Amino acid sequence: MEAEALFRRQCAASLNEDGTTDGQRLVRLVIDTYREQAGSIRSLERHANLTLEENEALQVLLNQANRSLTEQSHLLEIVLNHLPLGLCIFDSEQRLIVSNIRFQQLFGLEADDTRAGTSISSLITKIDGLEKPEVRAATREGRADGGRIRRREWEMNDGRIIQSVVTVLPDGSNISIHADITDDRKAAERIAFLAHHDPLTGLPNRIRFREQLDMALGARKPDDQIALIHLNLDRFKSVNNTLGVSAGDKILRQVADRLRALAGKSNILARLGSDEFAILQCGREQPWNVMALADQIRRELSEPFFRGEKAVELSVSMGIAVCPKDGTETELLLKHAGVALSHAKSGGRRGERFFSSEMEAQLEARHALEADLRRAVHNEEFELHYQPLYDMAERRICGFEALLRWSHPTRGRIAPMEFIPLAEEVGLIVDIGRWVLKRACTDAATWPADIKVAVNVSAIQFISSDLEEDVSAALAASELAPERLEIEITESVLMENRDEALPILHALRQRGIRISMDDFGTGYSSLSYLSSFPFDKIKIDKSFVNDIVDNKEAFAIMRAIILLGNALGMRVTVEGVETAQQHDLLAQEACDEIQGYHISSPRPAFDVPQLLAGSQRSGKAQAV
Ligand code: C2E
Ligand code: CA
Ligand code: CA
């Protein structure tokens, strides 16, 4: 019993360590002892001619050995049946010496199937008949004593995975340990899957995509072409902001499903980041095939998500790089597709671009401009110029539009159309816009009380900053009456962020601030935008004025828009009036205000008093 207690302790100690090998070591211990005992008994029996005393002594020894053997067998049984692992031992002729209940359970065997003496082959036949396990993995390694260790994984019919470790001793006998590793393996597989896949869509992630690209490029034959499309959803951030993250996630899953269907089995699809995807098209002639695929993607993703009332419409920008033309290495191909994507984005989105080497140079210039722009915000390198708004009935300047000017330390003056879209893209427009509001209100507070100031506000400022707060701060700091401030917005504000923008616009208007619809006629000019908010003013884009003197149709369109504004009770300003003829023609229409070089180009703030004095003196529209 002492020995049993010892073995129990050894057993426990061994099993407390981790897993199969320890169990195996313990059983090894038992077997070795067993063998030693059996060996000494056989050597004693071989001595035939013994004296009576010797025989008696032998008997005592045999009895002791038998007792010891019985004890050992008992202990072995305890160990075997407490072992949480399946175990079996075969002799050198591959006949079963011993196995435990766990072994039967793991392979679905009956006690009868595992009787001592059963051959290994009949046991395998039985297991096959019951379970038909599949070998998932097999390895073998040599041991210092001349034996071997074989490892195998079986996938059972019911999905369980059983690992077997077979130690083959130099004499051919073997001990095998079997464990159900289904849970461990599933956890490991899940971890491995998550390391290489995106949990939201189940698509391969950036790491996995790089590996796949590596492999595809590695396996490419000299004439093969590989096209890489880098996709990005346009303005997905604002969808997330408006509808919430969970609706955003739903849309991303739907996007992934649509792309999956388009990519099919022959192309490799991955999600590279939040709203970024990539598709690899291998073994096709290019650029035709990738063009066709990009075309399908654009059409498929322009179909609304969440049909019905809550329908969301998206567009996508794509950058395409083709191996070998645009690079034969993973890094380069990815970089070039990214460069092409940046171009697609900055070129007004909704479309695809193929990489070209000029793009790279342009992109570098853009990066340099972006760095300069950041510094400019910090160093306040901006200035506001003011362009008069001329009241046709009163025949005098009634306000000024604030227009941003940037004096670059080395490049000189940079036009707003060159840096504002970039500032919007990188979010710097929020800080710039805040500065413009403050500066414009402060300048306007020094002008006569009946002169208004108009400030342009970007769509981005409605989503990425607290516009109401910025306006309040600018008014408070300058003590400008809210009625003297006009905010100019374009259709894009209502197109992209309608749900966020409308409450802000209403709140601003409630406080007496006027809201103008700028550049009317250039975008969709949808009446639904005009009717969705009670704008105080419509500004007809300068492109309409160009031809009104010579082209009757152009004039008819201008007149119709003026009438529309009047009918909606909105003031109408015509922009870009450059000549006296244009002015005279508009003077006959119900046009409230004009703006343009005919009155004055935008001028620095210190010219404002002079402009006002000139307008007062002349009392008529002419260059002041
Ligand atoms: P916009 O709001 O339509 O401003 C009018 C633009 O027309 C100005 O260009 C102005 O200089 C130009 N312009 C004025 N009169 C005439 C004319 O008779 N003929 C012609 N051909 N052009 C005329 P600018 O200053 O280059 O500004 C361009 C655009 O940049 C602005 O268009 C506006 O969208 C944007 N912008 C300017 N300042 C700001 C700002 O502070 N914030 C924001 N968000 N955008 C601004
Ligand atoms: Ca404007
Ligand atoms: Ca305008």
Side-chain angles (χ1 to χ4, degrees), residues 373 376-377 380-390 397 399-407 413-441 443-444 452-465 467 470-471 474 485-493 514-523 525 535-549 561 572-583 586 593-605 611 621-624:
L373 199 54
V377 174
E380 298 206 357
E381 288 170 18
F382 298 111
E383 192 190 345
L384 287 184
H385 278 198
Y386 292 98
Q387 185 176 34
L389 293 154
Y390 184 85
I397 292 173
F400 290 90
E401 177 175 3
L403 293 160
L404 194 56
R405 298 292 176 258
W406 178 18
S407 297
R413 186 152 288 174
I414 302 179
M417 290 323 285
E418 216 180 303
F419 69 86
I420 286 181
L422 178 63
E424 287 176 339
E425 216 169 287
V426 298
L428 282 170
I429 194 70
V430 169
D431 290 336
I432 298 175
R434 198 176 288 131
W435 178 85
V436 171
L437 271 166
K438 217 167 214 160
R439 183 79 255 157
C441 290
D443 285 344
K452 299 187 180 69
V453 65
V455 174
N456 294 286
V457 171
S458 288
I460 310 292
Q461 290 173 262
F462 282 84
I463 43 169
S464 304
S465 73
L467 186 62
D470 291 348
V471 169
L485 176 63
E486 285 181 358
I487 298 284
E488 294 191 5
I489 63 162
T490 56
E491 267 177 4
S492 61
V493 170
R514 282 157 217 271
I515 312 291
S516 308
M517 164 72 88
D518 200 1
D519 299 347
F520 190 77
T522 52
S525 305
F535 288 97
D536 296 283
K537 184 191 274 188
I538 308 179
K539 296 185 78 177
I540 304 177
D541 189 70
K542 50 186 172 292
S543 56
F544 286 84
V545 175
N546 295 339
D547 295 337
I548 53 167
V549 175
I561 304 177
V572 177
T573 303
V574 176
E575 293 185 310
V577 178
E578 294 181 354
T579 66
Q581 280 165 298
Q582 289 167 346
H583 164 267
L586 289 167
E593 287 172 17
I594 59 166
Q595 181 182 357
Y597 298 160
H598 176 61
I599 305 297
S600 166
S601 60
R603 304 269 278 271
L611 286 167
Q622 55 183 268
V624 282

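One-based numbering, in listed order, for ligands and for the atoms of each. The model shown is predicted, which means the values in this text are computed figures rather than measured ones.
Summary of contacts: the protein heavy atom closest to atom 42 (N) of ligand 1 is Asn456 O, 3.3 Å. Of all protein heavy atoms, the one closest to atom 46 (C) of ligand 1 is Ile420 CD1, 3.2 Å. When hydrogens are left out, the protein atom nearest atom 26 (O) of ligand 1 is Pro416 CG, 3.4 Å; that is the closest non-hydrogen contact. Nearest non-hydrogen protein atom to atom 18 (O) of ligand 1 is Tyr597 N, 2.9 Å.
Every heavy atom of Ala415 sits 4.0 Å or more from the atoms of ligand 1. The shortest separation from a heavy atom of Gly433 to ligand 1 is not under 4.0 Å, leaving the residue out of contact.
In His385, neither the side chain nor the backbone holds a heavy atom less than 4.0 Å from any atom of ligand 1. At a heavy-atom distance under 4.0 Å, no atom of Leu384 approaches ligand 1. When heavy-atom distances to ligand 1 are checked against a 4.0 Å cut-off, Lys539 has no atom that comes that close, whether in backbone or side chain. Residue-level proximity to ligand 1 for Glu575 is carried by the side chain, the only part with a heavy atom below 4.0 angstrom. Neither the backbone nor the side chain of Asp541 comes within contact range of ligand 1; no heavy atom lies under 4.0 Å. Counting heavy atoms closer than 4.0 Å to ligand 1, residue His598 contributes nothing at all. With a 4.0 Å cut-off on non-hydrogen atoms, Val436 touches ligand 1 through its side chain and not its backbone. Counting heavy atoms closer than 4.0 Å to ligand 1, residue Leu403 contributes atoms from both its backbone and its side chain. Contacts of Arg405 with ligand 1, taken as heavy-atom pairs under 4.0 Å, involve the side chain alone.
Using a 4.0 Å threshold on non-hydrogen atoms, atom 34 (O) of ligand 1 does not count as touching the protein. Put simply, atom 22 (N) of ligand 1 has protein non-hydrogen atoms near it, under 4.0 Å away.
Distance OG/Ser464 to CG/Leu428: 11.0 Å, rounded to 0.5 Å.
Below 30°, between 30° and 60°, or above 60°: for Tyr390 and His583 the angle between ring planes is above 60°, a perpendicular geometry. Between Phe400 and Tyr386, the ring-plane angle classifies as perpendicular under the 30° and 60° cut-offs.
None of Asn456, Val436, Ile429, Ile487 except one satisfies the side-chain contact (heavy atoms from CB on, under 4.5 Å) rule with Gln461; the exception is Ile429. Shown are Lys539, Lys537, Arg514; of these, the salt bridge (charged side-chain N to carboxylate O under 4.0 Å, His left out) with Glu486 is made only by Lys537.
Residues Lys542 and Gln595 bring no donor and acceptor atom of their side chains to less than 3.5 Å of each other. Inspection of the Ser543 and Asp541 side chains reveals an N or O donor paired with an N or O acceptor under 3.5 Å. Residues Ser516 and Glu488 bring no donor and acceptor atom of their side chains to less than 3.5 Å of each other.
Annotation: side chain of Glu401 is not in contact with side chain of Pro388 (no heavy-atom distance under 4.5 Å). The shortest distance between side-chain heavy atoms of Val574 and Phe544 does not fall below 4.5 Å. At least one side-chain heavy atom of Leu467 sits less than 4.5 Å from a side-chain heavy atom of Leu437. Using a 4.5 Å cut-off on side-chain heavy atoms (C-beta onward), Tyr597 and Val577 make no contact. For the pair Leu485/Val455, a side-chain contact is recorded, criterion being any heavy-atom separation below 4.5 Å from C-beta on. A heavy-atom distance below 4.5 Å is not found between the side chains of Val572 and Phe520.
Per-residue contacts place Glu578 under 4.0 angstrom from the following atoms of ligand 1 (heavy atoms of the residue considered): 17 (C), 18 (O), 19 (N), 20 (C), 21 (N). Which parts of ligand 1 touch Ser458 is read off a 4.0 Å heavy-atom cut-off, strictly below it: atoms 44 (N). Atom numbering of ligand 1 starts at 1 in the shown order; those under 4.0 Å from a heavy atom of Pro602 are 11 (O).
The closest non-hydrogen atom to atom 28 (C) of ligand 1, taken over Glu418, Met417, Gln387, Lys542, comes from Met417. Residue nearest to atom 3 (O) of ligand 1, selected from Ile599, Leu404, Asp519, Thr579: Asp519 (by heavy-atom distance).
Around the Ca ion (ligand 2), the protein atoms of type N, O or S that sit closer than 3.0 Å are Glu401 OE2, Asn456 OD1, Glu488 OE1, Asp518 OD2.
Of the possible polar contacts, none joining the Glu575 side chain to the Gly596 backbone as a donor-acceptor pair under 3.5 Å is found. For Gln582 (side chain) and Glu578 (main-chain N/O), a donor-acceptor pair under 3.5 Å exists by modelled atom type.
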Residue pair Arg413, Glu383: steps toward the salt bridge (charged side-chain N to carboxylate O under 4.0 Å, His left out) verdict: CA-CA 10 Å; Arg413 186 152 288 174; Glu383 192 190 345; 3.7 Å; yes

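Polar contact check, Glu488 against ligand 1: no nitrogen or oxygen pair lies under 3.5 Å apart. When only interatomic distances are considered, the shortest N/O to N/O separation between Gln595 and ligand 1 does not fall below 3.5 Å.
At most 12 heavy atoms of other shown residues, nucleotides or ligands fall within 6.0 angstrom of atom CD in Gln581.
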